[in-house]
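Taking it in order: structure first as structure tokens, then the write-up.
Note on naming: letters A, B, ... go to the chains in the order of the sequence lines (proteins, then strands), and numbering restarts at 1 for each one.
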There are 2 protein chains.
Amino acid sequence: MSGFERYNKILNLFSEQRNSLTVAEISQELKVPASTVYRIVREMVLAEFIESAAGSYFRLGQAFIKFNRIINLSDPLIQAGEPFLKKLANENPIPSTNILARLFGNKVMCVADFKHSTFKNNTSYQKGRLMPLLYGATSRAIIMQITEKRLNNILNLEGLNNDLQKEIFIKGLDQDKKKGFCKTEAQVDIGLIGFALSISNKKLGIEASLSSIFNISDFRPEHEPSIYANLSSYALLIERYINKIFIDTEAYHNNYLNKD
Amino acid sequence: MSGFERYNKILNLFSEQRNSLTVAEISQELKVPASTVYRIVREMVLAEFIESAAGSYFRLGQAFIKFNRIINLSDPLIQAGEPFLKKLANENPIPSTNILARLFGNKVMCVADFKHSTFKNNTSYQKGRLMPLLYGATSRAIIMQITEKRLNNILNLEGLNNDLQKEIFIKGLDQDKKKGFCKTEAQVDIGLIGFALSISNKKLGIEASLSSIFNISDFRPEHEPSIYANLSSYALLIERYINKIFIDTEAYHNNYLNKD
DNA sequence: ATAATATTATCATTATATGATAAATTGTTA
DNA sequence: TAACAATTTATCATATAATGATAATATTAT
């Protein structure tokens, strides 16, 4: 264990379920002596990436709140997409939650969400939460973009090493690719149905998706056309906006450089 | 430069204004050769603390969104305080923005905010943004809690090294301490007036404040009593709730340990 | 007050980071 | 498409910092 990995491993011990840890626990998890962990933790406390809680426990620190704000203000996907989620929710024919998600390692992370006030259920998708890559329309609209090789790696990692299963999964994905959208029922949350479209920008390395999630009980087949119409028009809008941000940023950088 | 500081310094080069940087720029800022910076940046990209953007620029990475979520779910101040901000806003006699803030180094960071729909102005206080420690009611209600020695250090750091100025500042603070609340006009944003109370929990090391911010043009002296009544009842409520969380967490930990 | 736990300090040893340079890759321009 | 420039990765000897066992304090609980 060396370099940044050492720090990252400690941070990744913290989770929604286990949000505070003692040095003894960290030491045990990482199989590193307590004296070493104390030194490392102290460094991170100084930088406010960790803070001490009651009873010799430690928590994640406030620095994350600070950096999270900067990301929200600078991430092109969030900047371009978040403002449209509310509009999308308002135009959908039935109550919905609407989500922007992107690839995060071999998981999918929601980076923006808007739940319409009339949508009473809760989805598992929440900003910052990691979700499985192989289930749900939100995720499918993302993996349909990645290369075959990478997909294969991920399928192996996720335990889909049975060749037949793999083939079936890839075939289904290819069909979705041709159609240009994804639709899944109850793959992530029971009682919910999801529709998703890809959002991408090669230059910015964005592999994302825009999705609308509904209660199955609200949903009727006749809703589908307007759901697709909404999703596809907003997906296009967001892609264009991302591109605009890209152009603007480039211009800004050029301008900045010329001023030297 | 060594240990976590090396990574932290790079992360802290990113700001709202300068949200993407090239390796050359980082190298220049930190006075570290590009070959070294490339190695460090690569490590951080792997951990998703940094991500590559277009045109050889780098941005903060998505890991912050993930960790920010965990903090929001686990920070006792946010957990205890955030739900009450909306209620406070609704009960205030005039349109307001309501803020929970805490100490962050020698700055003050807003960790939760709720702007009432009728409040049209914008405050500088936004979740995750660092604000000066010496101006505004929000900040005063925090520094009035810290030890004299620490305050002195901060006053020196902030350039208040003139003894007379210092004395005046401390006297004003002492008066606020006696009154038990802070009120400032236009110290941070012109046209706004702020009222704040301290929130603290020694065991959890929380030094924070709850504040309501109004438009000066909306404000009349007769509003003051109800403003104070609201603030003080919610501040008390939040402190009690923090304590409840503390007790619950302790019980949880004990329970967890006994199960081994 | 005493015991138990948590935290910091010390220091010889080991392992890793560093940075100069070269090589490779990628992007740009003619 | 070739030639060029910029970006990124690889290499490696050397300097530097991390490690962890142990001892010394500090803090907390009994």
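Partners of B:E16 by side-chain hydrogen bond (donor to acceptor under 3.5 Å, both in side chains), not counting sequence neighbours, listed by chain and number: A:R69. Taking A:E29 as the reference, A:L13, A:R18 meet the side chain to side chain contact (heavy atoms under 4.5 Å, CB included) condition, with sequence neighbours excluded. B:T22 pairs by the side chain to side chain contact (heavy atoms under 4.5 Å, CB included) definition with B:A24, B:E25, B:S56, B:Y57, not counting sequence neighbours. Scored by the salt bridge (Lys or Arg N to Asp or Glu O under 4.0 Å) test, B:K107 finds no partners at all (sequence neighbours excluded).
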Nucleotides 16-18 of chain C: which of its N/O atoms have a protein N/O under 3.5 Å away?
from: C:dA17; atom 1: OP1; to: A:G3; atom 2: N; distance (Å): 2.8
from: C:dA17; atom 1: O3'; to: B:R6; atom 2: NH1; distance (Å): 2.5
from: C:dT18; atom 1: OP1; to: B:R6; atom 2: NH1; distance (Å): 3.0
from: C:dT18; atom 1: OP2; to: B:R39; atom 2: NH1; distance (Å): 3.3

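In this structure, CG of A:L30 is placed 14 Å from C1' of D:dT19, rounded to the nearest angstrom. Here D:dT8 presents its P atom at 12 Å from CD1 of B:I50, a figure rounded to the nearest Å.
A:F169 carries A:R140 over the face of its six-membered ring, with the cationic atom under 6.0 Å from the centre and within 45° of the normal.
Among residue pairs with one or both ends in residues 30-50 of chain B, those qualifying as side-chain hydrogen bond (donor to acceptor under 3.5 Å, both in side chains) are B:Y7-B:E43; sequence neighbours excluded. Each salt bridge (Lys or Arg N to Asp or Glu O under 4.0 Å) pair with one or both residues in residues 52-67 of chain B, not counting sequence neighbours, appears once here: B:E51-B:R59. Counting only residues at least two apart or in different chains, salt bridge (Lys or Arg N to Asp or Glu O under 4.0 Å) contacts with residues 141-154 of chain A comprise A:R150-A:E207.
In this structure, B:Y38 reaches the D:dT8 phosphate: one of its side-chain N or O atoms is under 4.0 Å from OP1 or OP2.
Recorded end-axis angle for the helix from C:dA1-D:dT30 to C:dA30-D:dT1 stands at 70°, based on five pairs per end and rounded to 10 degrees.
Ring planes of B:F67 and B:F49: tilted class, angle from 30 to 60°.
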Give every donor-acceptor pair under 3.5 Å between a side-chain atom in residues 127-136 of chain B and any protein atom, sequence neighbours left out.
from: B:K127; atom 1: NZ; to: B:N72; atom 2: OD1; distance (Å): 3.0
from: B:K127; atom 1: NZ; to: B:E82; atom 2: OE2; distance (Å): 3.4
from: B:R129; atom 1: NH1; to: B:S124; atom 2: O; distance (Å): 3.2

Please set out all donor-acceptor pairs under 3.5 angstrom arising from side-chain atoms of residues 239-247 of chain B, sequence neighbours excluded.
from: B:E239; atom 1: OE2; to: B:S200; atom 2: N; distance (Å): 2.9
from: B:K244; atom 1: NZ; to: B:D248; atom 2: OD2; distance (Å): 2.7

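Mapping B:K31 and A:V23 onto DNA chain C via the closest heavy atom, the residue that lands nearer the 5' end is A:V23. With DNA chain D read from its 5' end, the first of the two nearest nucleotides for B:T22 and B:R42 is the one closest to B:T22.
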_I'd like to compare against my own output: the B/S/- annotation of nucleotides 22-30 of chain D with a strict under-4.0 Å heavy-atom distance to protein._
B--------
